[in-house]
Amino acid sequence: MSKWRPKTNQVRGGLERSPFGETAEAMYLTSGYVYETAEDAAAIFKGDLDGYIYSRYGNPTVSLFEERLRLLDGSEACRAAASGMAAVFAALACNLESGDRVVASRSLFGSTLAVLGTLLPRWGIDTQLVDGRDLDAWEAALATPTKMVFLETPSNPLLEIIDIAAVVERAHAVGAMVIVDNVFATPVLQRPLELGADVVVYSTTKHLDGQGRTMGGAVLGSLEFIDGPLKEFQRHTGPTMSPFNAWILAKSLETLDLRVTRQSTTAAELAGFIESRPGVLKTQYPTADSHPQAELARRQMSLGGSMVAVELGGGRMAAFRFMNALQLFDISNNLGDAKSLATHPATTTHSRLTPEERAAVGISDGFVRLSIGLEDVEDLKEDLDQALGG
Ligand SMILES: *Cc1c(COP(=O)(O)O)cnc(C)c1O
């Protein structure tokens, strides 16, 4: 528990000044540590004395970032990782063994699908994918013994919403542990642990950095899980966050709330602006009235987030024409950046899926994903307006 509210914690959380009394957080670029005496070294290794041993295990700057993010999510513990996928993989692999089963929502980040569908089966761990919006489908899948549940909401790239509390209730009823990928919402808009989830994972590469500079990830949950199986798995397999990236990310967290709130209000306005344009078949924005799950999105999230999904009539040709005509938006597969970005998932982030798999999750050739940045909303409107043919 913290004595401060989240907006204070994102600026002050985890700050431990060095004897120099610096205002901004110090950065400790060190791989190793020294000890006063051989006895101290022995005691620290034995766990009788607190202290850092080696930066694969822990580092003061990485600890600063972990503590700051932990306070934002309201979890007992947090462990940073080298990338979002290192966090996703460690959260699953540290707790699974041959013969175990996972149930996951079908609309997932591409590499998460590859881990669940291709890599884990090699070690005898199978995953059943369900339509995350369909609570009966979750219940049916959970009727077979299940160790872990994995879901992403809002989902990438279609912004479907999954009822976290309802899935948690069904998973816990059969003793399964629930992991939520909270990348699209960030801790500013959605707090899955408060809705009952056991573990939250982030790609800090996205909004948490917010300026497209670093790769990173984080896993949050109970002290028992994070300091138990997760730490054991991570410290020996090595996907450690670098202290340099941790420092950038800790400083980024100071403005997370401001950035994500602004990006969300701009995104909501732009989604409404393009919705009724000729040539636009459909837009999907979590809290917009036109979203089939708007009510759930408003209940579970404080704002709709920075992503807008747009489906253009005219397939891939229309999507490419639109993207190439954009002058302010950049074409990129990244998201959560200060700069607005446009992605064509069918030929980039989700190009490795078969056409049937893409159809099953609803990614058509005319579909474009927009990540809204921090530019002036009027400039973004003008750019969308001219790219959609004035
Ligand atoms: C980017 C992303 C990941 C993976 O993160 P990396 O930092 O690229 O490894 C996982 N889940 C979601 C929803 C993402 O957007």
Side-chain angles (χ1 to χ4, degrees), residues 62 65 69 73 78-93 102 104-117 119-120 127 129 132 149-162 164 178-190 192 197 199-220 234 237-242 245-246 248-249 252 260 263 267 284 286 301 304-309 332-337 341-345 348-353 361 363 369-373:
V62 177
F65 168 67
L69 183 60
D73 264 283
C78 169
R79 223 176 136 80
S83 68
M85 283 319 302
V88 167
F89 182 66
L92 288 162
V102 179
S105 54
R106 186 169 287 124
S107 273
L108 289 175
F109 187 70
S111 292
T112 305
L113 274 179
V115 166
L116 291 171
L119 296 179
L120 291 182
T127 296
L129 296 175
V149 160
F150 192 99
L151 64 93
E152 193 184 306
T153 181
S155 71
N156 178 35
L158 287 164
L159 309 177
E160 292 166 359
I161 309 295
I162 298 174
I164 297 172
V178 180
I179 305 179
V180 176
D181 179 332
N182 201 33
V183 167
F184 272 38
T186 80
V188 175
L189 305 181
Q190 175 170 277
V199 175
V200 167
V201 290
Y202 288 108
S203 163
T204 65
T205 316
K206 312 297 166 55
H207 307 79
L208 271 56
D209 178 305
Q211 291 156 76
R213 299 160 297 184
T214 60
M215 297 295 303
V219 187
L220 298 102
Q234 249 206 347
T237 54
T240 313
M241 175 178 278
S242 92
N245 288 358
I248 288 180
L249 288 161
S252 284
V260 171
Q263 286 169 315
Q284 187 110 308
M301 302 170 71
S306 63
M307 308 297 290
V308 181
S332 173
N333 48 293
N334 205 2
L335 64 95
D337 202 278
L341 308 172
T343 311
H344 187 246
T348 59
T349 54
H350 291 69
S351 60
R352 288 179 62 184
L353 302 188
V361 291
I363 301 172
R369 184 188 79 185
L370 299 175
S371 168
I372 306 304

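In listed order, ligands and their atoms are each counted from 1.
Looking at Met215 next to ligand 1, no N or O pair under 3.5 Å apart turns up. Residue Gly84 has at least one nitrogen or oxygen atom sitting less than 3.5 Å from a nitrogen or oxygen atom of ligand 1, judged on distance alone. In terms of polar-atom proximity, Asn156 is not counted as a contact of ligand 1, lacking any N or O under 3.5 Å from an N or O of the ligand. Considering backbone and side-chain N/O atoms, Thr112 never comes within less than 3.5 Å of an N/O atom of ligand 1. For a threshold of 3.5 Å applied to N or O pairs, the pair formed by Glu152 and ligand 1 contains no separation below that value.
Partner of Arg369 under the side-chain contact (heavy atoms from CB on, under 4.5 Å) criterion, out of Ile363, Asn156, Leu159: Asn156 alone.
Using modelled atom types and a 3.5 Å distance limit, the side chains of Asp209 and Thr214 yield a donor-acceptor pair.
The nearest heavy-atom contact from the protein to atom 4 (C) of ligand 1 is Phe109 CE2, 3.4 Å. Of all protein heavy atoms, the one closest to atom 15 (O) of ligand 1 is Lys206 NZ, 2.7 Å. Looking only at protein heavy atoms, the nearest one to atom 11 (N) of ligand 1 is Asp181 OD2, 2.7 Å.
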(request) Walk me through it: do Thr240 and Val62 pass the test side-chain contact (heavy atoms from CB on, under 4.5 Å)? (result) CA-CA 9 Å; Thr240 313; Val62 177; 5.6 Å; no
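Taking a 4.0 Å cut-off on heavy atoms, Gly216 registers as neighbouring ligand 1. Ligand 1 lies nowhere less than 4.0 angstrom from a heavy atom belonging to Val88.
Between the Gln234 side chain and the Arg79 main chain, no donor and acceptor come within less than 3.5 Å of each other. The main-chain N or O of Gly216 is found under 3.5 Å from a side-chain atom of Thr204 such that the two form a donor-acceptor pair.
Taking every heavy atom of Ser83 and a limit of under 4.0 angstrom, the matching atoms of ligand 1 come to 7 (O), 9 (O). Ligand-side atoms of ligand 1 in range of Thr205: 7 (O), range being under 4.0 angstrom from any heavy atom. Against a heavy-atom cut-off of under 4.0 Å, Met85 is close to the following atoms of ligand 1: 4 (C), 5 (O), 6 (P), 9 (O).
Side-chain contact between Arg213 and Ser252 is present, with heavy atoms from C-beta onward closer than 4.5 Å. Looking only at side-chain heavy atoms (C-beta outward), Thr237 and Phe89 stay at 4.5 Å or farther from each other. Here the side chains of His207 and Leu335 are in contact, with some heavy-atom distance below 4.5 Å. Under the 4.5 Å side-chain criterion, counting only non-hydrogen atoms from C-beta, Ser105 is not in contact with Glu160.
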